[in-house]
2 protein chains.
Amino acid sequence: MAMEDSSEIDRGGTAEAGRPTLKTIAFMTGLGVTTVSRALKDAPDIGVETKKRVQLVARQVGYRPNRAGVRLRTGKTNVISLVLNTDEQLMGFISDIIYGVSAELANSPYHLILTPYSSRNDPMDPVRYVVETHSADGIIISQTEPNDARVRYMSEHGFPFATHGRTHMGVEHPWHDFDNHAFALEAVKTLAARGRRRLALLAPPPGYTYHQHTRDGFAGGLAETGASEASLGDTWIDQPVERIRERALSLLREGSRPDGLVCSSGTGAFALAAAIEDAGLVLGRDVDVVTKQSSKLVQMVRRDLIVVNEDFRLAGRELARAVIASIGGADARGLQTLALPGAVEGPARG
Amino acid sequence: MAMEDSSEIDRGGTAEAGRPTLKTIAFMTGLGVTTVSRALKDAPDIGVETKKRVQLVARQVGYRPNRAGVRLRTGKTNVISLVLNTDEQLMGFISDIIYGVSAELANSPYHLILTPYSSRNDPMDPVRYVVETHSADGIIISQTEPNDARVRYMSEHGFPFATHGRTHMGVEHPWHDFDNHAFALEAVKTLAARGRRRLALLAPPPGYTYHQHTRDGFAGGLAETGASEASLGDTWIDQPVERIRERALSLLREGSRPDGLVCSSGTGAFALAAAIEDAGLVLGRDVDVVTKQSSKLVQMVRRDLIVVNEDFRLAGRELARAVIASIGGADARGLQTLALPGAVEGPARG
DNA sequence: TGTCCAAACTGTAACGTTACAGTGATGATA
DNA sequence: TATCATCACTGTAACGTTACAGTTTGGACA
C-alpha cells in the first residue's frame, strides 16, 4: 500500500502475473466494481456509453470471470455432469455421446465433467455425490431402468437431469430415447419380407428400459408377420463377444435353427456373423441379420449385414439441450425426444 | 441474530436446506472455524482430542468442503482437463483413455473435465483457454506433434501437463507413449517370417510424432529382413474407411501387389480386410495383415488378422498419474513412460 | 513472584463475484 | 419552489475457505 497517491501508476492492471478481475476494470475505467459487473452482463441501470466503454476495456485486457467467484456467490456451478459406467464395452458409442454433449455445451457457459462409476459400486453413488456436493447444475445419466432409483432421487431433490432412455414410474422428467420398439418391429418385418420365418433376438440386458421396448417391438413383429421365435436364452449384447458367439452357434446348430436374427448392437452383430460362419452357414444366404449400428463401420466390415443407424451424437446433443433447459426451469414434458430409426439399409435380396 | 442466548436451538445445523460448512461444525463443537479447518486437514497446533472430535462431527453431519470456497481461496481447482479432438473417428479408443484417466482420478481429489475442440479450430484454443482462465490444475493432450505448439506454450507458462505421445523439441515434459517403432518392426519381422516379401504400411497421419516412429520401425524392419515396400501413398488411418478401402484395393490390383500389410488401427485393418476381399484375394492365404487393436473385438471379428494389443486404459492411467505428479512438482524426467507392445497374436501359419 | 515459552486456539482479512440497499444528480410536475 | 421520480452509479456484505497474526492458558524456570 505504499505510493498510495501517485495516480499515474497502473495499479490494478494485469500486473503481478494475476488475471484481470472486475477490480482491474473498475480501476481502469474509474468506475465501481458493481457498475462494471452490471455493465458486463448488460443489466439495467447502467448508461449505454458506460456499458460500451466497460465492455471494450474488458475485451482489451482479456477479462474472464473467475468461475470460483461466481460459483461461490451465486451457487451456480456452470457444470454438467455426465455419469458413466466405465465397464461399458460397447463400441464407440460412449465417445459419440460425449462428443454430442460437448458440441451442445460448446456454445454455452457449461463445462462438462465426467463422473464415472463401475458396476462394482452402487449406481446411486455418483448421483448422490453430485447432488449432495452440488458439484454440477445438472446430470445426464444413461442405462435407465423402468423404475430407476436415480431418477426418483433426483426428482425428489428437485435436481435437474436428463436420462438417456425412458422410465415407467409415473414421474415426468426430461429424456431422450431411440425408438427401439420401432427398430425391432421394422427389423422383423424386413426379415419376413425376405422370407425369413424363424427369428431370434439378441437384446439389451434385462433391467434396462430399452430391453423391454426392444422385446415388445420384436414380439409385435412376430405377431404381425406370423414368424416364429428361436430363443437365445440369457444372452445379451453387453456380454463378452466370445460368449455371444458360443450361444449363437449352439442355437444355429439346433434342428429348428433361426434363419433371421435381430441384434441391438454392432458389436453383437459381429459376434453373430462369426457364429454363422462357425456353423458353416453363409450370412445373407442361409441367415439374415438386422442390426443397429452407431457408425458406418459396422456395415463396412460386414456388408452382408442389414443395418439401421442409431445416432449417438444426436442423443448427446438432445440430452445436453434437455438438461440445460431443465436447469432453466422448463417443464419436463417439453424435454422428451424420441429418435426414430433411420431407413433399413442392406444388400439386395439374396 | 435474535434469540442469541437460547443455546438449545440447533442453529448452524443442516437447517435451511443448506449443506453443512465449517461454520456449522464450529458452532456444534463450540470451536472457531479456523480450528475446525485445521483439525480436518490434520494440521499442527491442534490438540489430538479436538481433532478427533471435529472429525467425528464432520462425519456425522456429512461435511464436504465447498469446492468453490477452496478454489477461490487457494487458487487450486482440483480439476484435470482432458483435451480431445471430437473429429476423432477411431474406434473405442477415446473412451478407453477416458476410463483409464477416470480410474486413476477416482482416488484423488481431482475431477475430470473434458475440453473438446474440432479440427476446424486451432488446437491451441482449448489449451490457451484452460491456462488463461486457470480452469484446471493440469492438462492431458493427445495427438502430439514432434514440435508441438501446445507443449511449448504450456512449458513456457509453467503449466502442468502430460502428453499422449512424445515430442522432439528439446523440452523435457511428462508423457506416455506406446512403442510404435517396436510394433512396426515386430510386425514386419512377423510377416517376413511367414514368407511375406512385399509389404505396405497403413500409418498414422503425418504430423503426429507416432507417424514417424511407426514409419521408422517399418523401415527398420524392411532393412533387417530384406523385404520391399509397396506404398499406399497419402492414405492414413484417420481417413474414412471407404477411402482406405479404395486405395488399398487399387494397390492390391497392381502387378507387384503387397503380400503383407502393417496397420496402425483396428478400424483401418477392417478396411484393409474388406479391400482384400474386394480384390478377390484371401486374407491369411494371399495376404497377411498385422494390426494394432485396442480391444479384443478386432480379432474376434476377423480371426485371420494378426494382432498386437495396445492398452489405452493403461495409457489413461499413466497420463493421469503423470499429470498429478507434475502438479505436485515432480521432475518431468521421472514421468515419462513407454508401453511396450504385447505379444504378436495370430492364426497358425497358413 | 515474575518471566518466558509452548501448546492450543481464535479473529480478521482476503480470494472474485453479485444482491441489496443505498446516494446524488437531473429534470418533470404541482 | 418544493416534491418526486428516474437515471446512473456506488459501497457493503456475504458466499466458504484458508493464511496470517495474534491471544489465552498453563506450566517450567530463575
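Small disclaimer: the values here were computed from a predicted structure and weren't measured. Each chain gets a letter, A, B and so on, in the order its sequence line appears, and its residues count up from 1.
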Just by distance, do the side chain of [X] and the backbone of [Y] share a donor-acceptor pair under 3.5 Å?
X	Y	result
B:T86	B:P116	no
A:S155	A:V151	yes
B:S37	B:V33	no

Check your understanding: How would you list, by chain and number, every residue that makes a side-chain hydrogen bond (donor to acceptor under 3.5 Å, both in side chains) with B:R120, sequence neighbours excluded?
Key -> B:S118
Check your understanding: Is there a side-chain polar atom (N or O) of A:S37 under 4.0 Å from OP1 or OP2 of C:dT17?
Key -> no
Each nucleotide N or O in nucleotides 14-16 of chain C that has a protein N or O under 3.5 Å away: list the pair and distance.
from, atom 1, to, atom 2, distance (Å)
C:dC15, O2, B:R73, N, 3.4
C:dG16, N2, A:G69, O, 3.2

If you take all heavy atoms of [X] and [Y], which pair is closest and at what distance?
X	Y	value
B:D125	B:N121	OD2-CB, 4.0 Å
A:S142	A:R150	O-NH2, 3.1 Å
B:H173	B:Q336	O-NE2, 2.9 Å
A:A320	A:L105	CB-CD2, 4.2 Å

Check your understanding: Is the centre of the B:F312 ring less than 6.0 Å from the centre of the B:H176 ring?
Key -> no
Review point. Which parts of residues 130-137 of chain A get close to DNA chain D, meaning a heavy atom less than 4.0 angstrom away?
Key: none
Practice item. Output yes when B:R333 and B:D331 qualify as a salt bridge under the 4.0 Å nitrogen-oxygen rule, no when they do not. Key: yes
Point to revise | Pair A:R19 + B:E132: basic N to acidic O under 4.0 Å | key: no
Practice item. Please work out the stems of DNA chain C from pairs that are Watson-Crick or G-U wobble with both distances under 3.5 Å, keeping only runs of three or more consecutive pairs. Key: C:1-30 with D:1-30
Exercise for review: Check the distance between D:dT10's C1' and A:I25's CD1 and give it to me in whole angstrom.
Suggested key: 17 Å
Point to revise | Whole angstrom value for the distance that separates P of D:dT17 from CG of B:N78 | key: 13 Å
Short N/O separations, protein against nucleotides 5-9 of chain D, under 3.5 angstrom:
from, atom 1, to, atom 2, distance (Å)
D:dC9, OP1, A:T50, OG1, 2.7
D:dC9, OP2, A:G47, N, 2.8
D:dC9, OP2, A:T50, OG1, 2.9
D:dC9, N4, A:D45, OD2, 3.3

Study note, to complete from the structure: Checking B:L22, B:T35, B:I46 against B:L40 for side chain to side chain contact (heavy atoms under 4.5 Å, CB included), the one that qualifies is B:L22
Check your understanding: A:F159: what forms a ring-ring contact (aromatic ring centres under 6.0 Å, His included) with it, not counting sequence neighbours?
Key -> A:H134
